[in-house]
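Report on the structure given below.
Predicted, not measured: the structure shown is a model, and the values here were computed from it. FYI, side chains are in, hydrogens and waters are out, and symmetry mates aren't considered; it's all heavy atoms of this structure. Residue numbering restarts at 1 for every chain, and letters A, B, ... go by the order of the sequence lines.
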Amino acid sequence: MNNLSRLDLNLLLTLDALLTEQNVTRAAARLHLSQPSVSVQLAKLREALGDPLLLPGPRGMRPTARAEALREPLRQALQALDNAIASPLPFEPAQAHITWRIAASDYSEHSVLLPALAELRHAAPHCRLALMEVPSTRLGAAMEHDKLDLAIFTRSGAPLDLRSRLLFKENYRLVCRRDHPELQQSPDLAQFCQLEHVIVSPDGGGFVGSTDEALAALGLTRKVVMSVPHFSFVSAVLSRTNMVALLPERLVRDDPALKILDAPIEITGFDKVMLWPERVHRDPAHQWLRELIARAVAAE
DNA sequence: AGTGGGGTCAAGAGGATGTA
DNA sequence: TACATCCTCTTGACCCCACT
């Protein structure tokens, strides 16, 4: 690129027009410039390339051997540049080969990605999904360093500088196994506090959640006996024990082994959102994926 | 406000062409 | 062949605009 750094690249457009027209006046008309202006540009090209490039001839100019040798490579290079900066072609999922990298918890996989999966495989059979768990603290950096294209996350705690779209508002429900001996109906507060609870703590080891804060405000505590990092394991735990859990409704509503009850205390739900960096905001392939996911979730 | 780059306009130079 | 005319390119003067 050392040769190019000395050259105003606009001059290459002038050279292309000059080689096409072999006439400064007509090249100027083609470039929507005055003839003297193109004449000056030709002088700069001669200086930069160390060759007269075009010599006076009958009814215009004749290219030198150097100019003739430049004609085709220049044409191809300008065409390639033109293609590179042209508006992106519309995304064609049926032909595309692309890997989308998505951060999602197991709950997000179940509630957001699973509903979209069948249509995604059908519409884009050559594309791949790479799902990964990324903690919220590393989300922004992963997006910025081109390691992640999309995240399915809660709005609270999400980096503010990412683009976002609300997918749905989720509520917590009290969940136990279908034949739980003590819970034929929703418990009152006293019974709720006596039950053995399992909670999800993505960072591991946590035994206190927003439910405990709400109970504390009433001067109450509950019995949290287990904390697990993943939502999916909670379902297995509930179906084999007498433990209960407050879980996102979409995670458990189709599980025949579980019973869903109203909790005796108001627990604030959360907004489930898609997050993505500015880098892929206008990219047709990523726009298509986000639209497909949003549509699939809305149809649930 | 000064500076530099890039534009236009006007004038001039030089080669090609037409005609006597 | 000589000369007039035309066409095209180059150059200088000046203007505008962006940048410092």
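- Contact annotation: Ser34(A) side-chain N/O to dG7(B) OP1/OP2 distance is not under 4.0 Å.
- Here the nucleotide nearest the side chain of Asn23(A), chosen from dT10(C), dC9(C), dG7(B), is dC9(C).
- At whole-Å resolution of the value, CG in Leu45(A) and C1' in dT10(C) are 15 Å apart.
- Proximity of Gln41(A) to the phosphate of dG7(B): a side-chain N or O atom is located under 4.0 Å from OP1 or OP2.
- Rounded to whole Å, the distance from CG on Leu42(A) to P on dT11(C) is 10 Å.
- Protein atom CG of Leu53(A) is 15 Å distant from nucleotide atom C1' of dC9(C), rounded to whole Å.
- Look at Thr25(A) and you'll find a side-chain N or O under 4.0 angstrom from OP1 or OP2 of dC9(C).
- Nearest to the side-chain atoms of Arg26(A) among the listed nucleotides dA10(B), dG7(B), dT8(C) stands dT8(C).
- Rounded to an integer number of Å, the gap from CG of Leu54(A) to C1' of dT10(C) is 14 Å.
- Ser37(A) comes within 4.0 angstrom of a nucleotide base, judged by non-hydrogen atoms across all strands.
- A salt bridge does not link Arg30(A) with Asp16(A): none of the charged nitrogens is closer than 4.0 Å to a carboxylate oxygen.
- Relative to the ring axis of Phe168(A), Arg250(A) places its NZ or CZ within 45° and under 6.0 Å from the centre.
- The nearest whole Å value for the distance from the CD atom in Gln35(A) to the P atom in dC9(C) is 6 Å.
- Here dT11(C) presents its C1' atom at 13 Å from CZ of Arg46(A), a figure rounded to the nearest Å.
- Using a 4.5 Å cut-off on side-chain heavy atoms (C-beta onward), Val200(A) and Val234(A) make contact.
- The CD-P distance, from Glu21(A) to dT8(C), rounds to 12 Å in whole Å.
- By the 30° and 60° cut-offs, the orientation of the rings of Phe91(A) relative to Trp100(A) is perpendicular.
- Atom CG of Leu18(A) and atom C1' of dT10(C) are 14 Å apart (whole Å).
- Listed candidates were dC9(C), dG6(B), dC9(B). Nearest to the side chain of Lys44(A) is dG6(B).
- Cation-pi contact between Arg290(A) and Trp276(A): present, with separation from the ring centre below 6.0 Å and deviation from the ring axis of at most 45°.
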